[in-house]
Amino acid sequence: MRPDASSETPPASAPQAPVRVIASAQSWVEGEAVRQLEAMARLPGMKLAVGLPDLHPGKGAPVGAAFTSEGFLYPYLVGSDIGCGMGLWNVDLLARKARPERWAGKLDLEGPWTGDAEGFLQEHGVKSSGFEAALGTVGGGNHFAELQRVDAVHDAKAFTALGLSADRLLLLVHSGSRGLGEAILRAHVDRHAAGGLVEDSPEARLYLTRHDHAVAWGRANRALVARRMLDGIGAMGQRVLDVCHNSVTPRRDTGRTQWLHRKGAAPSDEGPVVIPGSRGALSYLVVPTGEGHTSAHSLAHGAGRKWTRFSARERMRERFTAESLTRTAFKSHVVCENKDLLFEEAPPAYKPIDRVVTDLVEAGLVRVVATLAPVLTYKTRARPE
């Protein structure tokens with residue numbers, strides 16, 4: 001369908017906005033990801049395109065990137081999982097009392113939650129969406145719920161200020177708005193393809209209303225995933241932080257409204273952030289530093305893929321059995337009964353998280369507070385035939 005007057009597609013001769021890739025010479029960034037970043041920098045109204053150290057190619061637009069624009073906003077740059085993010089919970093259970101093998105045998109977060117989903121959403125100030133059957137579920141792809149132990153504390157003052165204790169477990173939840181965000185993007189693409197929306201147009205206002213709802217729904221979803229996970233191990237927990245890494249938000253730093261798009265990019269203007277590695281690597285609890293303008297107020301949201309899913313499946317099947325991938329070098333357990341997903345999400349398919357975080361530190365963007373090691377990673381149970 002031809003875009004209407006409220007949308008815009010980039011002309012071939014559009015000037016390119018400044019492009020910055022925050023990655024050291026020691027980091028490997030695929031050329032296709034940079035090409036996608038540069039292509040997005042030519043969209044009308046674009047002011048800055050930033051690739052973080054976890055930058056990798058996506059479906060038309062790169063992942064691990066942030067963009068600022070004026071006059072236009074681009075739902076396509078946010079993607080289908082609007083509101084996807086990371087939540088961290090402080091668990092009232094000593095790490096030495098963890099029973100990952102026993103928990104792995106009984107945890108099950110598949111299927112609709114048996115509680116009052118609409119009531120849960122109301123408690124969190126979120127309207128129902130029609131997708132409540134998926135509320136409290138992790139989802140596929142790189143989503144997970146992971147119990148973690150503290151590996152090392154690097155900034156004791158900041159660590160204690162968050163109410164954390166080095167001898168207790170933590171729970172990290174990575175999930176989003178499930179089918180809700182996908183339906184919102186599909187409605188946009190059906191009408192506007194990959195085109196943007198003129199700010200303050202009726203279409204832009206409608207998208208932003210739906211977008212904000214999906215962001216809030218995604219945050220509530222992570223809270224319910226955490227509740228189900230903690231109920232499964234017989235523990236209580238308190239949320240320490242929750243940040244969204246797929247969104248578009250207005251900023252007025254320059255006196256004019258700019259639209260900050262994040263696609264797989266954590267915010268650097270909302271306090272502490274957890275940057276996870278693969279399920280077989282450490283996660284990093286960091287606090288943002290610096291003024292944020294040159295990085296589009298954004299940070300890496302994880303390690304970033306090194307191999308495509310197809311390539312990971314082929315490579316890992318040649319080297320490992322599915323059973324061997326349910327344990328990691330940290331002796332942690334992995335619950336993932338979808339074999340394709342188990343191979344696709346294998347640790348070698350991701351970039352080294354220590355290099356990603358080191359790049360951020362060297363760029364003056366973060367300070368490491370603590371490193372967290374996996375104890376039990378929940379991905380998915382087998383679905384009935």
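FYI, the numbering just counts along the sequence from 1.
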Just checking, is any N or O donor in the side chain of Asn221 or Ser175 under 3.5 Å from an acceptor N or O on the other one? yes
In this structure, is the centre-to-centre distance between the rings of Trp217 and Phe131 below 6.0 Å? no
Count the heavy atoms belonging to other residues, nucleotides or ligands that lie under 6.0 Å from NZ of Lys106, then report whether that count exceeds 12. yes
Relative to each other, are the rings of Tyr207 and His211 parallel, tilted or perpendicular (30° and 60° limits)? tilted
Run the numbers on Leu376 and Leu107 for side-chain contact (heavy atoms from CB on, under 4.5 Å), then give the verdict. CA-CA 10 Å; Leu376 173 64; Leu107 276 172; 3.4 Å; yes
Please check if the number of heavy atoms outside Glu362 that lie under 6.0 Å from its CD is greater than 12. yes
What's the separation between atom OG1 in Thr326 and atom NZ in Lys379, rounded to the nearest 0.5 Å? 14.0 Å
Please give me the minimum heavy-atom distance between Leu109 and Thr137, naming the atom from each residue. O-CG2, 3.7 Å
Determine yes or no for a side-chain-to-main-chain donor-acceptor pair under 3.5 angstrom, with Arg262 supplying the side chain and His297 the backbone. yes
Tell me whether the count of non-hydrogen atoms from other residues, nucleotides or ligands lying under 6.0 Å of CD in Glu291 goes above 12. yes
Is it true that Leu48 and Leu260 fall in one hydrophobic cluster, defined by side-chain heavy atoms closer than 4.5 Å? no
All pairs passing salt bridge (charged side-chain N to carboxylate O under 4.0 Å, His left out) where residues 137-162 contributes a residue, at least two apart: Asp155-Arg367
Could you check if a side-chain atom of His143 sits within less than 4.5 angstrom of a side-chain atom of Cys84, using non-hydrogen atoms only? yes
Closest heavy-atom contact between Val356 and Gly302? CG1-O, 3.7 Å
Do you reckon Met86 sits in the same ILVMFWY cluster as Leu162, going by side-chain contacts under 4.5 Å, direct or chained? yes
If hydrophobic clusters are built by linking Ile, Leu, Val, Met, Phe, Trp and Tyr wherever their side-chain heavy atoms come under 4.5 Å apart, do Val91 and Leu285 end up in the same one? no
For a 4.5 angstrom cut-off between non-hydrogen side-chain atoms, does Arg355 reach Pro53? no
Heavy-atom distance under 4.5 Å between the side chains of Arg239 and Trp89, does that happen here? yes
Minimal heavy-atom distance between Ala98 and Trp103, with the atoms involved, is CA-CH2, 3.5 Å
Do Thr68 and Arg251 meet the criterion of a side-chain donor-acceptor pair at a distance under 3.5 Å? no
Using modelled atom types and a 3.5 Å cut-off, is there a donor and acceptor pairing between side-chain atoms of Arg168 and backbone atoms of Ala166? no
Mind checking whether Leu171 and Leu88 sit in one hydrophobic cluster, side chains of I, L, V, M, F, W, Y counted as touching below 4.5 Å? no
Stepwise, does the salt bridge (charged side-chain N to carboxylate O under 4.0 Å, His left out) test hold for Arg35 with Glu38? CA-CA 5 Å; Arg35 189 200 67 77; Glu38 292 172 343; over 6 Å; no
Among His56, Met40, Glu30, which residue satisfies the side-chain contact (heavy atoms from CB on, under 4.5 Å) criterion with Pro62? Met40
Distance (rounded to the nearest 0.5 Å) between Leu147 CG and Leu93 CG: 8.5 Å
Polar side-chain atom of Lys47 near backbone of Pro18 as donor-acceptor pair, under 3.5 Å: no
Looking at Asp190 and Arg186, does any basic side-chain N land under 4.0 Å from a carboxylate oxygen? no
How many angstroms lie between atom CD of Glu132 and atom CG of Leu180, to the nearest 0.5 angstrom? 8.5 Å
Keeping Asp359 on the side-chain end and Ser24 on the backbone end, is there a donor-acceptor pair under 3.5 Å? yes
Derivation and outcome, side-chain contact (heavy atoms from CB on, under 4.5 Å), residues Val50 and Phe67: CA-CA 6 Å; Val50 174; Phe67 308 86; over 6 Å; no
Distance-minimising heavy-atom pair for Leu52 and Ser298: CD1-O, 3.8 Å
Do Tyr74 and Pro44 come close enough that some side-chain heavy atom pair is under 4.5 Å? yes
Is there a path from Val153 to Val287 through hydrophobic residues (I, L, V, M, F, W, Y) whose side chains come within less than 4.5 Å of each other? yes
Dump the intermediate steps for side-chain contact (heavy atoms from CB on, under 4.5 Å) on Asp81 and His245, then the final yes or no. CA-CA 10 Å; Asp81 198 4; His245 53 236; over 6 Å; no
Side chain Asp269, main chain Gly292, donor-acceptor under 3.5 Å: no
Looking at every heavy atom in both Arg228 and Pro112, which two are closest together, and how far apart are they? NH2-O, 4.2 Å
Would you confirm whether Arg313, through its side chain, and Asp340, through its main-chain N or O, come within 3.5 Å as a donor-acceptor pair? no
Spacing of CG belonging to Leu172 relative to CE belonging to Met229, to within rounding of 0.5 Å: 10.5 Å
Report yes or no: does His188 contribute a side-chain atom to a donor-acceptor pair with the main-chain N or O of Gly195 at less than 3.5 Å? yes
Nearest heavy-atom contact between Ala65 and Leu55 is CB-CD1, 4.0 Å
Take Arg252 and Gln258, measure what side-chain contact (heavy atoms from CB on, under 4.5 Å) needs, and give me the verdict at the end. CA-CA 6 Å; Arg252 295 176 176 83; Gln258 291 194 335; over 6 Å; no
Quick one: does any side-chain atom of Asp54 pair with a main-chain N or O of His301 as donor and acceptor, under 3.5 Å? yes
Are Leu282 and Asp354 close enough that some pair of their side-chain heavy atoms sits under 4.5 Å apart? no
Is any side-chain heavy atom of Glu337 closer than 4.5 Å to a side-chain heavy atom of Glu110? no
Kindly write out the residues that satisfy salt bridge (Lys or Arg N to Asp or Glu O under 4.0 Å) with Arg309, not counting sequence neighbours, or none if the list is empty. Glu344, Glu345
Flag yes if more than 12 heavy atoms outside Lys339 fall under 6.0 Å of its NZ atom; otherwise flag no. no
With rounding to the nearest 0.5 angstrom, report the NZ to OH distance, Lys59 to Tyr76. 9.0 Å
Can you find a heavy atom in the side chain of Leu365 that is under 4.5 Å from one in the side chain of Ile22? yes
Tell me, please, which residues at least two apart from Phe144 pass ring pair (Phe, Tyr, Trp, His ring centres under 6.0 Å). His174
Please confirm whether the backbone N or O of Lys263 pairs with a side-chain atom of Asn246, one donor and one acceptor, at under 3.5 Å? no
Using 0.5 Å steps for rounding, measure from the CG atom of Leu43 to the CG atom of Leu73. 11.5 Å
Any donor and acceptor pair, going by atom type alone, linking the side chain of Gln148 with main-chain N or O of Leu372 inside 3.5 Å? no
Does the side chain of Asp242 come within less than 4.5 Å of Val173's, by heavy atoms? no
